[in-house]
Number of protein chains: 2
Amino acid sequence: MLKQETLSKNQQIVLDYIEKVNEPIKAYSILHNVQKKGIKAPLQVYRALDKLVEIGKIHKIESRNAFVACKNSNCQISKATAFSICESCEEVSEISDSKLSKYLKNFQDKAGMKFNKYNLEFFGLCKKCSIK
Amino acid sequence: MLKQETLSKNQQIVLDYIEKVNEPIKAYSILHNVQKKGIKAPLQVYRALDKLVEIGKIHKIESRNAFVACKNSNCQISKATAFSICESCEEVSEISDSKLSKYLKNFQDKAGMKFNKYNLEFFGLCKKCSIK
DNA sequence: TGTTAATTGTTATAATATAACATTGTGTAA
DNA sequence: TTACACAATGTTATATTATAACAATTAACA
Ligand SMILES: [Zn+2]
Ligand SMILES: [Zn+2]
Ligand SMILES: [Zn+2]
Ligand SMILES: [Zn+2]
């Protein structure tokens, strides 16, 4: 079977909503907002989220248990992600920095472990919040 | 009031257990294992965990919702953490690499956000699991 | 000693996520 | 086209992770 090219109905509904809100959003908030589209149960949302993460259309912000659409037109299938998170207003941006990603992709730890994936989350104050 | 020098009773019980097991462990597993010491409720564990994270004695592995003792004798009060995680056996090691931490501490994103903290999690196969 | 903050104890509940199982849809190849 | 395999769906129940609210106690210190 060929690699999936089109999203299933539920996957598309969930992705459409995540892309529309354009900021990190939690699974049950998604559920709430797509019930009018016929999605009724948490599992339907979580299954769509799993697939969307797997194919790199969205990422999970682990420290926030939230999901956000990928802005980098796909992050090598979600294997290398970096975010900045404002601890005051909770604004999250996906970092796209080729030097950083190159550095991390090539990072070799002392135990000789070979990595195929990483997730990096920076925390601080965004510009708006730091002048307050 | 001076900065806390000694841990409270519950904090010490929880830390002792985390240091003893020497691998990432989940909050409710901690609860189970310290009940003989008199800790009865989840909140008692979570409060101790919060404090221990805050003072850098332990770290949270965000992608696993698990907690592990700090091996770097304190990571500048837990503001800069990096881990390698084996996706097969779930072994987790704290990475101590001064070049990496220097690189990340000095990283400046394009939006001009100033960071005071980061968490990095690498995923792959540990040596043992990759020869299987 | 009186005052403040930190810590504890306790019950209840919120928020996040998965198990299990039956059913339906879709792509592929004989 | 039919049969197969796999992906996706629907549904109910439950597991796991974490916090709210409030009262009581303990520790630090001026
Ligand atoms: Zn991305
Ligand atoms: Zn902000
Ligand atoms: Zn550490
Ligand atoms: Zn391993």
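Per chain, numbering begins at 1; letters A, B, ... match sequence-line order.
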Give me the atom names and distance for the closest heavy-atom approach of [X] to [Y].
X       : Y        : value
B/Ser63 : B/Glu121 : OG-OE1, 2.7 Å
A/Cys70 : A/Glu94  : CA-OE1, 3.5 Å
B/Lys40 : B/Gln35  : O-NE2, 3.9 Å
B/Leu49 : B/Ile58  : CD2-CD1, 3.6 Å

Task: Single hit among B/Glu87, B/Glu90, B/Glu91 for side chain to side chain contact (heavy atoms under 4.5 Å, CB included) with B/Cys126 - done: B/Glu91
- [ ] Fit a plane to each ring of B/Phe122 and A/Tyr118, take the angle between them on a 0 to 90° scale, and name the class: parallel (under 30°), tilted (30 to 60°) or perpendicular (over 60°).
- [x] perpendicular
Open item on the list: Would you call the rings of A/Phe83 and A/His59 parallel, tilted or perpendicular, taking 30° and 60° as the class edges?
Closed with: perpendicular
- [ ] Would you mind listing the cluster partners of A/Leu43? Hydrophobic ones only (ILVMFWY), side-chain contacts under 4.5 Å, chaining allowed.
- [x] none
TODO: Could you check which residues of residues 15-30 of chain B get a heavy atom under 4.0 Å from DNA chain C? Sort them by number, please.
DONE: none
Task: Check: A/Asn119/A/Glu62 side-chain N/O donor and acceptor closer than 3.5 Å - done: no
Does [X] have a side-chain nitrogen or oxygen under 4.0 Å from the phosphate oxygens OP1 or OP2 of [N]?
X       : N      : value
B/Asn65 : D/dA18 : yes
A/Ser8  : D/dT9  : yes
A/Asn10 : D/dG10 : yes
B/Lys9  : C/dG9  : yes

Protein-nucleotide distance ([X], atom [atom1]; [N], atom [atom2]), rounded to Å:
X       : N      : atom1 : atom2 : value
A/Asp50 : C/dT16 : CG    : P     : 16 Å
A/Leu7  : C/dT26 : CG    : P     : 14 Å
A/Tyr46 : C/dA20 : OH    : P     : 18 Å
A/Arg47 : D/dA7  : CZ    : P     : 14 Å
A/Glu62 : C/dT16 : CD    : C1'   : 12 Å

Open item on the list: Just to verify, what does B/Arg47 make a salt bridge (charged side-chain N to carboxylate O under 4.0 Å, His left out) with, not counting sequence neighbours?
Closed with: none
TODO: Mind jotting down which residue pairs meet the salt bridge (charged side-chain N to carboxylate O under 4.0 Å, His left out) criterion with at least one end in residues 12-29 of chain B? Sequence neighbours excluded, please.
DONE: none
Task: Proximal nucleotide (of C/dT18, C/dT7, C/dA20) relative to the B/Lys51 side chain - done: C/dT7
Open item on the list: Can you list, in residue-number order, the parts of residues 31-44 of chain A that come under 4.0 Å of DNA chain D, counting heavy atoms only?
Closed with: A/Lys40, A/Ala41, A/Leu43, A/Gln44
Open item on the list: Tell me the bend of the helix from C/dT1-D/dA30 to C/dA30-D/dT1 as the angle between end helix axes, each from five pairs, rounded to the nearest 10 degrees.
Closed with: 40°
